[in-house]
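Below: one structure, written as structure tokens.
Every heavy atom of this structure was used, including side-chain atoms; hydrogens, water molecules and symmetry mates were not. This is a predicted model, so every value here is computed, not measured.
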There are 2 protein chains.
Amino acid sequence: MRYSHKLSDAVHILAYVEIYHDSDLSSGAIAASVESNPALIRRLMSALRRADLLTTQQGTAQPRLTREPAVISLLDIYRAVEDNDNLLHVDDKTNPQCIVGGNIQETLRGAYQQVQRAAENQMAQIKLADLITEIWTREKQRETL
Amino acid sequence: MRYSHKLSDAVHILAYVEIYHDSDLSSGAIAASVESNPALIRRLMSALRRADLLTTQQGTAQPRLTREPAVISLLDIYRAVEDNDNLLHVDDKTNPQCIVGGNIQETLRGAYQQVQRAAENQMAQIKLADLITEIWTREKQRETL
DNA sequence: TTAAGTGTTACTCATATTGTTACACCATTT
DNA sequence: AAATGGTGTAACAATATGAGTAACACTTAA
């Protein structure tokens with residue numbers, strides 16, 4: 001597969017809506033910032049809306065966050081846009097007549113769950129507000145050059 | 001992309017080599033257990049050899065682990081077979097003239113590194129020996145049915 | 001020397017993501 | 001009310017990666 005950056009683009013959209021809340025928030029304007037196309041932006045916004053992170057209004061470009069960036073985590077966004085939310089994947093076609101093939105699937109599933117949990121715990125601790133703050137900090141640094 | 005299960009198959013190979021060390025260890029025999037094909041097995045074994053986890057001998061089916069399963073971690077195997085070893089991916093084509101587009105890449109890179117580190121720490125704690133033990137335990141339970 | 005295995009490459013197939021286009025529907029403005 | 005410009009969604013093409021397959025030089029062992 002191609003390496004997905006849906007999560008990155010979704011964070012981009014939410015940060016954009018927050019930072020530019022008084023400017024043009026049309027899918028076209030956001031697409032220009034993401035260097036993508038309006039349809040992709042609207043698709044991702046649909047997912048964010050289904051996850052109750054964003055509200056939109058058909059016909060008018062007025063997306064708004066449903067909560068404060070401080071209480072939106074990277075994990076919330078990840079779950080909103082990555083429907084298959086597993087980072088590692090078991091090979092579910094192995095020979096059950098073999099000691100290894102017959103038992104490795106469940107074994108690996110348990111191990112991968114532990115890895116998943118560790119990653120998700122970390123994602124839960126990273127808030128959209130943290131990311132927006134860092135974006136601003138980096139912007140200030142860029143301006144002084 | 002299709003969801004990669006190279007890691008799962010690589011663990012399968014190593015467990016197979018350990019458990020069946022006195023039986024047929026040809027790529028064909030392992031492929032039958034993985035329900036895959038010999039070329040894929042040999043490709044993965046090449047990667048495991050490059051990572052110094054496995055030794056092989058051309059012409060004869062004698063793969064051997066280079067160390068005890070207790071000192072081979074899931075992380076070692078992961079790094080051996082996943083050449084792009086990042087679980088999350090930054091969109092590296094964003095508009096630098098925008099506050100968000102110009103700063104989100106580095107911001108997300110840092111956040112993703114934290115997630116990666118958490119996942120890798122967990123992978124480092126899971127040893128091949130643990131997985132093999134669990135495979136045996138499950139096999140014993142299957143036998144009693 | 002023959003048989004069987006490895007190591008590697010090239011090619012095809014399957015699938016997931018992104019790009020593109022289209023169009024019904026909605027809101028605002030004139 | 002008509003025109004304009006936006007959203008929401010679906011269909012399709014383009015692209016990229018993983019996995020399947022076949023081929024072949026090289027190696028080992030009988």
Side-chain angles (χ1 to χ4, degrees), chain A residues 1-10 12-13 16-17 23-32 34-51 54-64 78 80-94, chain B residues 1-10 12-13 16-17 20 23-51 54-64 78 80-94:
Chain A
M1 97 200 123
R2 191 184 290 182
Y3 294 122
S4 167
H5 37 69
K6 281 192 283 186
L7 175 59
S8 297
D9 291 347
H12 193 136
I13 290 168
Y16 194 99
V17 168
S23 310
D24 181 4
L25 293 181
S26 68
S27 58
I30 302 178
V34 178
E35 285 192 356
S36 175
N37 58 82
L40 172 68
I41 301 301
R42 294 204 288 270
R43 266 198 298 241
L44 286 173
M45 287 176 92
S46 284
L48 294 170
R49 183 157 25 82
R50 278 193 295 276
L54 198 71
T55 59
T56 59
Q57 273 213 313
Q58 186 167 16
T60 167
Q62 279 186 338
R64 292 285 179 266
Y78 172 76
V81 297
E82 301 283 352
D83 27 68
N84 178 342
D85 45 354
N86 288 323
L87 295 168
L88 300 174
H89 303 96
V90 173
D91 185 348
D92 57 357
K93 184 173 142 292
T94 59
Chain B
M1 92 199 130
R2 192 183 290 181
Y3 294 122
S4 168
H5 35 71
K6 282 193 283 186
L7 174 60
S8 297
D9 291 346
H12 193 136
I13 290 168
Y16 194 99
V17 167
Y20 288 102
S23 310
D24 181 5
L25 293 182
S26 68
S27 58
I30 302 178
S33 173
V34 177
E35 286 191 357
S36 175
N37 58 82
L40 173 67
I41 302 301
R42 295 203 288 271
R43 266 196 298 241
L44 286 172
M45 289 177 92
S46 283
L48 294 170
R49 184 158 23 82
R50 277 193 295 277
L54 198 70
T55 58
T56 59
Q57 272 212 313
Q58 186 166 16
T60 168
Q62 280 186 338
R64 293 285 180 263
Y78 172 76
V81 296
E82 301 283 352
D83 27 69
N84 178 341
D85 45 354
N86 289 323
L87 294 167
L88 300 174
H89 304 95
V90 172
D91 185 348
D92 58 358
K93 183 173 143 291
T94 61

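Residue Tyr3(B) places at least one side-chain N or O closer than 4.0 Å to OP1 or OP2 of dT17(C). Regarding contacts with the backbone of dA19(D), a side-chain N or O of His5(B) is found under 4.0 angstrom from either OP1 or OP2. For dT6(C), the OP1/OP2 oxygens have no side-chain nitrogen or oxygen of Ser26(B) closer than 4.0 Å. Residue Ser46(B) places at least one side-chain N or O closer than 4.0 Å to OP1 or OP2 of dT8(C). Distances shown here put every side-chain N or O of Thr56(A) at or beyond 4.0 Å from the OP1 or OP2 atom of dT7(D).
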What pairs of donor and acceptor atoms, side-chain ones from residues 29-36 of chain B against any protein atom, are under 3.5 angstrom apart with sequence neighbours left out?
{"unit_1": "Ser33(B)", "atom_1": "OG", "unit_2": "His12(B)", "atom_2": "NE2", "d": "2.7"}

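Distance CG (Leu44(B)) to P (dT8(C)): 13 Å, rounded to an integer number of Å. Distance Glu35(B) CD to dA19(D) C1': 14 Å, rounded to the nearest Å. Counting to the nearest Å, the C1' atom of dA16(C) and the CG atom of Asn86(A) are 16 Å from each other. Atom pair Asp91(A):CG and dA19(D):C1' shows a separation of 10 Å (rounding to whole Å applied). Computed from coordinates, the Leu88(A) CG to dG18(D) P distance equals 14 Å when rounded to whole Å. The distance from atom NE2 of His89(B) to atom C1' of dT17(C) is 12 Å, rounded to the nearest whole Å. Here the P atom of nucleotide dG7(C) and the CE atom of Met45(B) are 7 Å apart, to the nearest Å. To the nearest angstrom, P of dG18(D) lies 16 Å from CD1 of Ile41(B).
Annotation: side chain to side chain donor-acceptor pair (under 3.5 Å) contacts of Arg42(A) (sequence neighbours excluded): Ser27(A). Scored by the side chain to side chain donor-acceptor pair (under 3.5 Å) test, Asp24(A) finds Ser26(A) as partners (sequence neighbours excluded). For Ala39(B), the side chain to side chain contact (heavy atoms under 4.5 Å, CB included) partners are Asn37(B), not counting sequence neighbours.
The line from OG of Ser8(B) to CD1 of Ile13(B) is 11.0 Å long, rounded to the nearest 0.5 Å. Atom CG in Asn86(A) sits 11.5 Å away from atom CG in Leu87(B) (nearest 0.5 Å). One distance of note links CG of Leu88(A) with OH of Tyr3(B); it measures 13.0 Å at 0.5 Å rounding. The OG1 atom of Thr94(B) sits 12.5 Å away from the OH atom of Tyr16(A) when rounded to the nearest 0.5 Å.
Positionally, the nearest nucleotide of DNA chain C for Asp24(B) lies more toward the 5' end than for the other of Asp24(B) and Lys93(B).
Counting only residues at least two apart or in different chains, side chain to side chain donor-acceptor pair (under 3.5 Å) contacts with residues 55-64 of chain A comprise Arg49(A)-Thr56(A).
Among the heavy atoms of the strands, none lies under 4.0 Å from Arg50(A).
Side-chain proximity of Lys6(B) to the nucleotides dA19(D), dT6(C), dT7(D) is greatest for dA19(D).
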Could you run through nucleotides 21-30 of chain D and give me one letter per nucleotide, 5' to 3': B if any protein heavy atom sits under 4.0 Å from the base, S if only the sugar-phosphate is that close, - if neither? BBB--BBS--
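Between the two ends of the helix from dT1(C)-dA30(D) to dT30(C)-dA1(D), each summarised by a five-pair axis, the helix axis turns through 10° (rounded to 10 degrees).
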